Trainee: 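One structure, pasted below without further comment.
All values below come from the heavy atoms of this structure, side chains included, with hydrogens, waters and symmetry mates left out. Values in this document were obtained by computation on a predicted structure and should not be read as measured data. Along the sequence shown, residues carry numbers from 1.
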Amino acid sequence: MSDLPSNAAQRGSPAYRLPAADPSFLFGDSMRGLRFQLEFAKADEALRAWNIRSTIVVFGSARITENGPPDHARWYEEARRFARLASQEGGALDGGGAPRDNVIATGGGPGVMAAANRGAADAGAPSIGFNISLPLEQEPNPWSTPDLTFRFHYFAMRKMHLAMRANALVVFPGGFGTLDELFEILTLRQTGKMRPVPVILVDKPFWTDLIRFDVLVARGFIAKEDVDLLQFATDGEDAWRQLAGTLRPSRPAD
């Protein structure tokens, strides 16, 4: 019988855990940078495995429903139609080792996001859902491709993934989240931190009633040419026709 004292306290100490198997360490403040890196790497690896070279990002309200008020139902159907057309004709169906281009990417939740993922599924194409953890848990919609349905803690990393492969941004009516994402892309474009991509707002009367871009120009807050970063479409089919023939394969941004 050994006279050595037990080492159970040492083996049971959090300090003795392997770092990768220690949640209290991984979720501590000092590891925030590593968690940020992991959120980039996990999604990036999956997207590369699916040969996704470029995307079309679709934004819009999470509160729009298929059977809601007439405007809501119309916007839902147009987002679904746009995504179906883009997926059928834009290169998302390419497989067999060839890169996939213009794959529909959304925030992965309900409303317009669900409609766009659903439209891609209608076409038999993959689509991406970049979900975010929220205090009131957001559930992924059932139409994004399971292997391409991600969940982020950091808004910044989610936005980076939404932007870095984007060949175009198509925005349907929405609230704070939609506006946040729209102006994030517009700022990147205005400052030259993002390569030129079309930004299409669907339903011009809604957008020009909501945002007075002319006031920003008149007050000197943006240049007149900054307004040229925007295009308007009447519906989902019009949005796709404006993009068709202009989108080109691209590598992810730095």
Trainee: Does any N or O in the side chain of R100 come within less than 3.5 Å of the main-chain N or O of A125, such that one atom is a donor and the other an acceptor?
Mentor: no

Trainee: Are more than 12 heavy atoms from other residues, nucleotides or ligands located less than 6.0 Å from atom CD of E45?
Mentor: no

Trainee: Pick one: which of M113, E184, E181 meets side-chain contact (heavy atoms from CB on, under 4.5 Å) with F59?
Mentor: E181

Trainee: I'd like to know if the side chain of D226 reaches the main chain of A223, judged simply by a donor and an acceptor atom lying under 3.5 Å from each other, with no hydrogens or angles considered.
Mentor: yes

Trainee: Could you tell me whether E89 and R241 make a salt bridge, using a distance below 4.0 angstrom between a side-chain N and a carboxylate O?
Mentor: yes

Trainee: Decide if atom CD of Q37 counts as having more than 12 heavy atoms of other residues, nucleotides or ligands within a radius under 6.0 Å.
Mentor: no

Trainee: Is a side-chain donor or acceptor of S144 paired with a backbone partner of S127 at a separation under 3.5 angstrom?
Mentor: no

Trainee: Any idea which heavy atoms bring F152 and A43 closest together, and the distance?
Mentor: CZ-CB, 4.0 Å

Trainee: Please indicate whether R35 has more than 12 foreign heavy atoms, meaning atoms of other residues, nucleotides or ligands, lying under 6.0 Å from its CZ.
Mentor: yes

Trainee: Does N117 reach the main-chain N or O of I128 with its side chain, forming a donor-acceptor pair under 3.5 Å?
Mentor: yes

Trainee: OG1/T145 to CD1/I52 distance, rounded to the nearest 0.5 angstrom?
Mentor: 7.5 Å

Trainee: When you check the gap from the basic side-chain N to the acidic O, do R81 and E78 get nearer than 4.0 Å?
Mentor: yes

Trainee: Are the side chain of S13 and the backbone of Q10 linked by a donor-acceptor contact shorter than 3.5 Å?
Mentor: no

Trainee: Tell me if a side-chain donor or acceptor on N141 pairs with a main-chain N or O of G108 at a distance below 3.5 Å.
Mentor: yes

Trainee: Any side-chain to backbone donor/acceptor pair from E39 onto Y154? Under 3.5 Å, distance only.
Mentor: yes

Trainee: Taking W143 for the side chain and A115 for the main chain, is one N or O donor matched with an acceptor at less than 3.5 Å?
Mentor: no

Trainee: May I ask you to decide if the ring planes of F40 and H161 are parallel, tilted or perpendicular, using 30° and 60° as cut-offs?
Mentor: parallel

Trainee: Which distance, rounded to the nearest 0.5 Å, do you find between the CZ of R80 and the CD1 of I104?
Mentor: 13.5 Å

Trainee: Is D122 salt-bridged to R118, going by a charged N under 4.0 Å from an acidic O?
Mentor: no

Trainee: Would you tell me whether S24 and D22 have side-chain atoms, one donor and one acceptor, within less than 3.5 Å of each other?
Mentor: yes

Trainee: What class does the angle between the rings of F82 and W240 fall in, given that below 30° is parallel, 30 to 60° is tilted and above 60° is perpendicular?
Mentor: perpendicular

Trainee: Using a 3.5 Å distance criterion without hydrogens, assess whether the side chain of S61 forms a donor-acceptor pair with backbone atoms of R63.
Mentor: yes

